[in-house]
Participant: 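Take this structure first; my questions come after.
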Amino acid sequence: MADYERVLCVKNEVFVFKIPPRPSNRGYRAADWDLQNPQWTGRLRVVSRDKRLFIKLEEKSSGDLFAQCPVETYPSVAVESVMDSSRYFVLRLMDENGRTAFIGIGFSDRGDSFDLNVSLQDHFKQLKQEDELVKATKELESAPKLDLGFKEGQTIKINIGNKKSDRPKGKSSSGGGIGLIAPPPGSGGIKISPQGGAIAPQQQQSTVQPQNTQSNAGNLDLFNDFISPAPAPAPVQSTAASSSVAQAQLQSAGNDPWGDFTSAGSNSSSGNTDNDWIQF
């Protein structure tokens, strides 16, 4: 399968100059070139084919190839920047037979030279990342694999129950029993020691407070003027005297069957002054 070309940068105007031999080991200077009389004007394209990179100089109208510069790495001898300007470069051309020649190129706009620099740097940066990725993949494949599968006869146990709390739970008062109200602070209720044992409540001495009768008496005194004194109770007869009187009454009533009517008549006659009533 033939490799396809990927175009990285295109500049429609580029100038080609004939350059003198390198004056020193420090580099080239654009001031030594005849900048007013370029040798050729055309189009520049930067293309990549697989991992190889080429800078091609082509005719504007027909697109015919004028010359090309293979670039193995950047920066390198294939593409060099001049010392006194950022718009000019020195390219190493190479034909099919392997012969080389050095020419100078330049741009009228500084942005064009910047784009050429960026396209070259991005290409070789991407190649470096791809190489690192391939190397890491090989190391991962060659490393011993971790076997996380179950061995023959190996089992595991999973506990999905609720986690038991270490804290003791209090009894709920909603179960039908009589709920107990917690004692107030300092009342000597049941306390739990750090070791888990219960401490009995302290016995409290019951104290009887005397009733405040003075306040009740004061309240009654406010109504003494409006309440009349109660009548004195009748004297209580002794038990023996009361029983003898009752027996005498029964005897007299037993001897005279008309005693009740007679007594009633005598009482009525004594109090009545009218002589028209007949006594029986």
Side-chain angles (χ1 to χ4, degrees), residues 1-139 141:
M1 182 179 179
D3 296 334
Y4 65 90
E5 290 185 351
R6 186 161 59 101
V7 179
L8 304 180
C9 180
V10 177
K11 296 303 175 182
N12 293 325
E13 186 177 39
V14 62
F15 304 102
V16 176
F17 304 95
K18 184 179 180 180
I19 61 174
R22 184 190 296 265
S24 63
N25 294 330
R26 293 182 300 176
Y28 294 95
R29 292 174 57 90
D32 299 335
W33 306 347
D34 189 4
L35 301 179
Q36 302 300 326
N37 299 311
Q39 299 295 319
W40 181 84
T41 303
R43 181 179 65 184
L44 180 143
R45 286 198 313 150
V46 180
V47 297
S48 64
R49 187 182 303 156
D50 195 9
K51 293 185 178 182
R52 295 172 295 174
L53 183 68
F54 299 93
I55 299 177
K56 293 186 175 183
L57 302 177
E58 301 172 344
E59 296 288 343
K60 287 185 179 180
S61 58
S62 61
D64 295 337
L65 181 63
F66 172 74
Q68 69 177 5
C69 171
V71 182
E72 293 82 8
T73 182
Y74 181 77
S76 66
V77 181
V79 182
E80 293 184 62
S81 300
V82 298
M83 299 173 55
D84 56 349
S85 178
S86 61
R87 295 187 293 124
Y88 298 94
F89 301 87
V90 175
L91 301 182
R92 185 186 64 180
L93 303 180
M94 183 179 293
D95 60 6
E96 296 178 356
N97 299 324
R99 293 178 300 180
T100 62
F102 291 91
I103 63 171
I105 64 171
F107 302 95
S108 59
D109 188 1
R110 198 179 303 273
D112 294 340
S113 61
F114 176 79
D115 293 341
L116 176 61
N117 256 321
V118 171
S119 61
L120 296 175
Q121 292 175 2
D122 289 347
H123 173 76
F124 291 103
K125 182 178 180 181
Q126 182 179 359
L127 292 180
K128 183 179 180 181
Q129 292 177 351
E130 291 177 356
D131 294 341
E132 292 177 355
L133 181 60
V134 172
K135 183 178 179 181
T137 304
K138 290 181 179 180
E139 292 179 356
E141 292 177 353

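Residue numbers run from 1 in the order of the sequence given.
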Participant: Check whether any side-chain N or O of Asp95 sits under 3.5 Å from a backbone N or O of Asn97 as a donor-acceptor pair, and report yes or no.
Facilitator: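 Here the side-chain-to-backbone pair exists.
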Participant: Would you indicate whether the side-chain heavy atoms of Ile105 and Lys11 approach each other to under 4.5 Å?
Facilitator: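 Counting from C-beta outward, Lys11 and Ile105 never come under 4.5 Å.
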Participant: For residues Phe107 and Val14, determine if any side-chain heavy atom of one lies less than 4.5 Å from a side-chain heavy atom of the other.
Facilitator: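 Yes, their side chains come closer than 4.5 Å.
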Participant: Please give me the minimum heavy-atom distance between Phe89 and Ser81, naming the atom from each residue.
Facilitator: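 Between these two residues, the closest heavy atoms are CE2-OG, 3.5 Å.
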Participant: Going by the side-chain contact (heavy atoms from CB on, under 4.5 Å) test, name the single residue among Thr100, Ile55, Ile103 that passes it with Arg92.
Facilitator: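 Among the candidates, only Thr100 passes.
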Participant: Give a yes or no answer on whether the side chain of Ser62 reaches the backbone of Glu59 with a donor-acceptor pair at less than 3.5 Å.
Facilitator: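 Side chain of Ser62 to backbone of Glu59: no pair is present.
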Participant: Looking at every heavy atom in both Glu80 and Arg22, which two are closest together, and how far apart are they?
Facilitator: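 Smallest interatomic distance, heavy atoms only, reads OE2-NH2, 3.2 Å.
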Participant: Specify the closest pair of heavy atoms between Cys69 and Ala78, including all atoms of both residues, with the distance to one decimal.
Facilitator: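 Heavy atoms of Cys69 and Ala78 come nearest at SG-O, 3.6 Å.
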Participant: Would you find more than 12 non-hydrogen atoms of other residues, nucleotides or ligands less than 6.0 Å from Lys60 atom NZ?
Facilitator: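 Atom NZ in Lys60 is crowded, with more than 12 foreign heavy atoms closer than 6.0 Å.
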Participant: Is there a side-chain contact between Phe17 and Asp34 (heavy atoms, below 4.5 Å)?
Facilitator: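 Side-chain contact under 4.5 Å: no.
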Participant: Look up atom OG in Ser119 and atom CZ in Arg45, then write down how far apart they are to the nearest 0.5 Å.
Facilitator: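 Going from OG on Ser119 over to CZ on Arg45, the span is 13.0 Å.
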Participant: Using the ring of each side chain (for Trp, its six-membered ring), is Phe66 parallel, tilted or perpendicular to Trp40, with breaks at 30° and 60°?
Facilitator: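 If you compare the ring of Phe66 with that of Trp40, the planes turn out parallel.
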Participant: Would you name the heavy atoms of Ile19 and Gly104 that are closest together and state the gap between them?
Facilitator: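 In terms of heavy atoms, the two residues are closest at CG2-N, 3.6 Å.
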Participant: Do the side chains of Pro21 and Phe102 get nearer than 4.5 Å, heavy atoms only?
Facilitator: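 They are not in side-chain contact.
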Participant: Kindly give the heavy-atom pair with the smallest separation between Pro20 and Tyr28, and that separation in Å.
Facilitator: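 Result for this residue pair: O-CE2, 4.0 Å.
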Participant: In Å, rounded to the nearest 0.5 Å, how long is the span from CG of Leu127 to CZ of Arg52?
Facilitator: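 If we round to the nearest 0.5 Å, Leu127:CG and Arg52:CZ are 12.0 Å apart.
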Participant: Rounded to the nearest 0.5 Å, how far does CG of Leu57 lie from CG of Leu65?
Facilitator: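 It comes to 8.0 Å.
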Participant: CH2/Trp33 to CD/Gln39 distance, rounded to the nearest 0.5 angstrom?
Facilitator: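 CD of Gln39 is found 12.0 Å from CH2 of Trp33.
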Participant: Show the nearest heavy-atom pair for residues Glu72 and Pro70, with the distance to one decimal.
Facilitator: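 It is OE1-O, 3.9 Å.
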Participant: Is any side-chain heavy atom of Leu53 closer than 4.5 Å to one of Ser48?
Facilitator: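 In short, these two side chains touch, coming nearer than 4.5 Å.
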Participant: Considering only heavy atoms from C-beta outward, does the side chain of Leu44 approach that of Leu116 to under 4.5 Å?
Facilitator: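 In contact.
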Participant: Between Ser86 and Phe114, is a side-chain contact (heavy atoms from CB on, under 4.5 Å) present by the stated rule, with each step listed?
Facilitator: CA-CA 8 Å; Ser86 61; Phe114 176 79; over 6 Å; no
Participant: When rounded to the nearest 0.5 angstrom, what distance separates CD in Glu141 from CD in Glu139?
Facilitator: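 Nearest 0.5 Å value for the CD-CD distance: 11.0 Å.
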Participant: What's the spacing between Tyr74 OH and Phe124 CZ if we round to 0.5 Å?
Facilitator: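 Tyr74 atom OH to Phe124 atom CZ measures 10.0 Å (nearest 0.5 Å).
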Participant: Within a 6.0 Å radius of atom CZ on Arg29, are there more than 12 heavy atoms belonging to other residues, nucleotides or ligands?
Facilitator: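 Result for CZ/Arg29: open.
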Participant: Answer yes or no: is there a side-chain heavy-atom contact under 4.5 Å between Leu91 and Val79?
Facilitator: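 Yes, close enough: below the 4.5 Å cut-off.
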